[in-house]
K.L.:
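Structure provided below as structure tokens; questions to follow.
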Amino acid sequence: MSSQVNHYPGIFISFEGIDGAGKSTHIPFISQRIQERFPNKRVLLTREPGGTPLGEKLRQILLNDPMDAKTEALLMFASRQEHLSKVIEPALLASDIVISDRFTDSSFAYQCGGRGLGIRDLNILERWVQERSFQNNHFLLQPQLTFLFDLSANVAEERRRSSRTPDKFEELDVDFFNHVRNEYLRRATEDNQRFVIIDSSQDIQTIQHQLNACIQQL
Ligand SMILES: Nc1ncnc2c1ncn2[C@@H]1O[C@H](COP(=O)(O)OP(=O)(O)OP(=O)(O)O)[C@@H](O)[C@H]1O
Ligand SMILES: [Mg+2]
């Protein structure tokens, strides 16, 4: 394995963070800024689980039906395989910019951190689904930039409570989300070239300012 990057000509960016951390709030802003910075490129907004017709069906099942933790992990990666092969890879090959609301870091955060599955098992799934060869480069396909919206589980719960009815994950307790958050932070430390950690307790304008500065460096 040579590297954990994206060797395709397109740009791949992911948004991560616990439920209620602010991903959806900031994606429209960032996609607009990116489109302004790269006016001739196509900017594609997508999400996980989902992003394809089959993936969206799996999303409904994943967010609503109780299931064994391993089943959950396998369905997340099944949705991801579909997403990569049908949407993300063709777009990256065509030099597009792909912005995904969640990607593999979510699987580690929720299924390992939250549900307690082994990191080594998820590493195997990650390799199976994301290893690629392109122009003599052998690599693990990852976003080149991941924004981690970091927020305490308590504040995230307050924000969710005032804005929506909870799905299967959002009904889980603060303790669950603390574990999810810690696994996100572990991944970010392990791969600090790729991650930008955003302190989501700040106000929206301050965060937008920070996001914009990162986009200008792309
Ligand atoms: N910086 C902020 N300050 C105050 N409120 C915020 C901030 N960012 C987001 N919010 C509010 O918090 C709520 C949750 O945000 P959002 O839906 O963007 O989270 P999310 O990360 O997309 O969650 P999910 O993973 O469940 O989709 C929304 O009501 C949003 O308006
Ligand atoms: Mg969201």
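Each ligand, and each atom within it, is numbered from 1 in the order the structure gives.
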K.L.:
Which residue in the set Asp150, Asp175, Asp19 passes salt bridge (Lys or Arg N to Asp or Glu O under 4.0 Å) when paired with Arg181?
P.N.:
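Passing option: Asp150.
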
K.L.:
Can you check whether Phe77 reaches Leu122 side chain to side chain, under 4.5 Å on heavy atoms?
P.N.:
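Yes; the side chains approach each other to less than 4.5 Å.
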
K.L.:
Tell me whether Gly17 reaches ligand 1 (any heavy atom closer than 4.0 angstrom to a ligand atom).
P.N.:
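False for this residue.
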
K.L.:
Are Glu183 and Arg186 within salt-bridge range, i.e. N to O under 4.0 Å?
P.N.:
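A salt bridge is present here (some side-chain N lies under 4.0 Å from a carboxylate O).
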
K.L.:
Hey, is Glu72 close enough to Lys168 for a salt bridge, meaning N to O under 4.0 Å?
P.N.:
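Counted as a salt bridge, because a side-chain N and a carboxylate O are separated by less than 4.0 Å.
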
K.L.:
Would you call Asp105-Arg194 a salt bridge at under 4.0 Å N-O?
P.N.:
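Answer for the salt bridge query: yes.
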
K.L.:
Do the rings of Phe139 and Tyr8 sit parallel, tilted or perpendicular, given the 30° and 60° boundaries?
P.N.:
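Ring orientation of Phe139 relative to Tyr8: perpendicular.
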
K.L.:
With backbone taken as N, CA, C and O and side chain as the heavy atoms from C-beta onward, which portion of Ser201 lies under 4.0 Å from ligand 1: side chain, backbone, both, or neither?
P.N.:
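It is neither part, as no heavy atom is under 4.0 Å.
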
K.L.:
Tell me whether the rings of Phe15 and Phe149 are parallel (<30°), tilted (30 to 60°) or perpendicular (>60°).
P.N.:
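Phe15 and Phe149: parallel rings.
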
K.L.:
For atom 1 (N) of ligand 1, what's the nearest protein heavy atom and its distance?
P.N.:
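Of the protein heavy atoms, Gln202 O, 2.9 Å lies nearest.
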
K.L.:
Run the numbers for me: atoms of ligand 1, each under 4.0 Å from some heavy atom of Arg102, listed by number.
P.N.:
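Within the 4.0 Å cut-off of Arg102, ligand 1 contributes 25 (O).
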
K.L.:
Ignoring hydrogens and angles, state whether a donor on the side chain of His83 or Thr52 is under 3.5 Å from an acceptor on the partner side chain.
P.N.:
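Side chains of His83 and Thr52: no pair found under 3.5 Å.
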
K.L.:
If we set the cut-off at 4.0 Å for heavy atoms, which region of Ile207 has an atom near ligand 1: side chain, backbone, both, or neither?
P.N.:
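For Ile207, only side-chain atoms sit under 4.0 Å from ligand 1.
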
K.L.:
Could you identify the single nearest non-hydrogen protein atom to atom 24 (P) of ligand 1 and state the distance to 0.1 Å?
P.N.:
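Heavy-atom neighbour on the protein nearest atom 24 (P) of ligand 1: Arg164 NH1, 3.6 Å.
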
K.L.:
Counting both backbone and side chain atoms, is some N or O of Asp203 under 3.5 Å from an N or O of ligand 1?
P.N.:
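In this structure, Asp203 places no N or O atom under 3.5 Å from an N or O of ligand 1.
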
K.L.:
Ser200 heavy atoms, cut-off 4.0 Å: which ligand 1 atoms fall inside?
P.N.:
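Matching atoms, with element in brackets: 1 (N).
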
K.L.:
Return the set of protein N, O or S atoms whose distance to the Mg ion (ligand 2) is under 2.8 Å, each given as residue and atom.
P.N.:
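Near the Mg ion (ligand 2), below 2.8 Å, one finds Ser24 OG.
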
K.L.:
Any nitrogen or oxygen of Arg160, side chain or backbone, less than 3.5 Å from one on ligand 1?
P.N.:
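No, Arg160 has no N/O under 3.5 Å of an N/O on ligand 1.
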
K.L.:
Using a strict cut-off of less than 4.0 Å between a Lys/Arg side-chain nitrogen and an Asp/Glu carboxylate oxygen, indicate whether Arg47 and Glu56 qualify as a salt bridge.
P.N.:
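Result for this pair is yes, salt bridge flagged.
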
K.L.:
Are any non-hydrogen side-chain atoms of Phe103 and Ile88 less than 4.5 angstrom apart?
P.N.:
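A side-chain contact exists here, since the closest heavy-atom pair is under 4.5 Å.
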
K.L.:
In terms of residue, atom name and distance, what is the protein heavy atom nearest to atom 15 (O) of ligand 1?
P.N.:
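Scanning the protein heavy atoms, the shortest distance from atom 15 (O) of ligand 1 goes to Thr25 OG1, 3.5 Å.
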
K.L.:
Quick one: does Arg159 get an N or O within less than 3.5 Å of an N or O on ligand 1?
P.N.:
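In this structure, Arg159 places an N or O atom under 3.5 Å from an N or O of ligand 1.
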
K.L.:
Give a yes or no on whether Glu36 atom CD has more than 12 heavy-atom contacts from other residues, nucleotides or ligands under 6.0 Å away.
P.N.:
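More than 12 heavy atoms, drawn from other residues, nucleotides or ligands, come within 6.0 Å of this atom.
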
K.L.:
What protein heavy atom is closest to atom 23 (O) of ligand 1, reported as residue, atom name and distance in Å?
P.N.:
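Nearest neighbour among protein heavy atoms for atom 23 (O) of ligand 1, to 0.1 Å: Gly20 N, 2.8 Å.
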
K.L.:
Under 4.0 Å from a heavy atom of Ser163: give me the atoms of ligand 1 that qualify, with their elements.
P.N.:
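So the answer, numbered in order with elements, is 29 (O).
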
K.L.:
Treat each ILVMFWY residue as a node, draw an edge where side-chain heavy atoms are under 4.5 Å apart, and state whether Leu58 and Val87 are in one component.
P.N.:
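Different clusters.
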
K.L.:
Nearest to atom 19 (O) of ligand 1, what protein heavy atom do you find, and at what distance?
P.N.:
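Checking every protein heavy atom, the shortest distance to atom 19 (O) of ligand 1 gives Gly22 N, 3.1 Å.
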
K.L.:
With a 4.0 Å cut-off on N to O distance, would you call Glu89 and Arg132 a salt bridge?
P.N.:
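So Glu89 pairs with Arg132 through a salt bridge.
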
K.L.:
Of Ile204, Asp101, Ile198, which meets side-chain contact (heavy atoms from CB on, under 4.5 Å) against His26?
P.N.:
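Only one of Ile204, Asp101, Ile198 forms a side-chain contact (heavy atoms from CB on, under 4.5 Å) with His26, namely Ile204.
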
K.L.:
Just jot down the ligand 1 atoms closer than 4.0 angstrom to any heavy atom of Lys23, in number order.
P.N.:
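Near Lys23, the atoms of ligand 1 are 18 (O), 19 (O), 20 (P), 21 (O), 22 (O), 23 (O), 24 (P), 25 (O).
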
K.L.:
If you measure from each non-hydrogen atom of Ser24 to ligand 1, which part falls under 4.0 Å: side chain, backbone, both or neither?
P.N.:
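Both the backbone and the side chain of Ser24 come within reach of ligand 1.
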
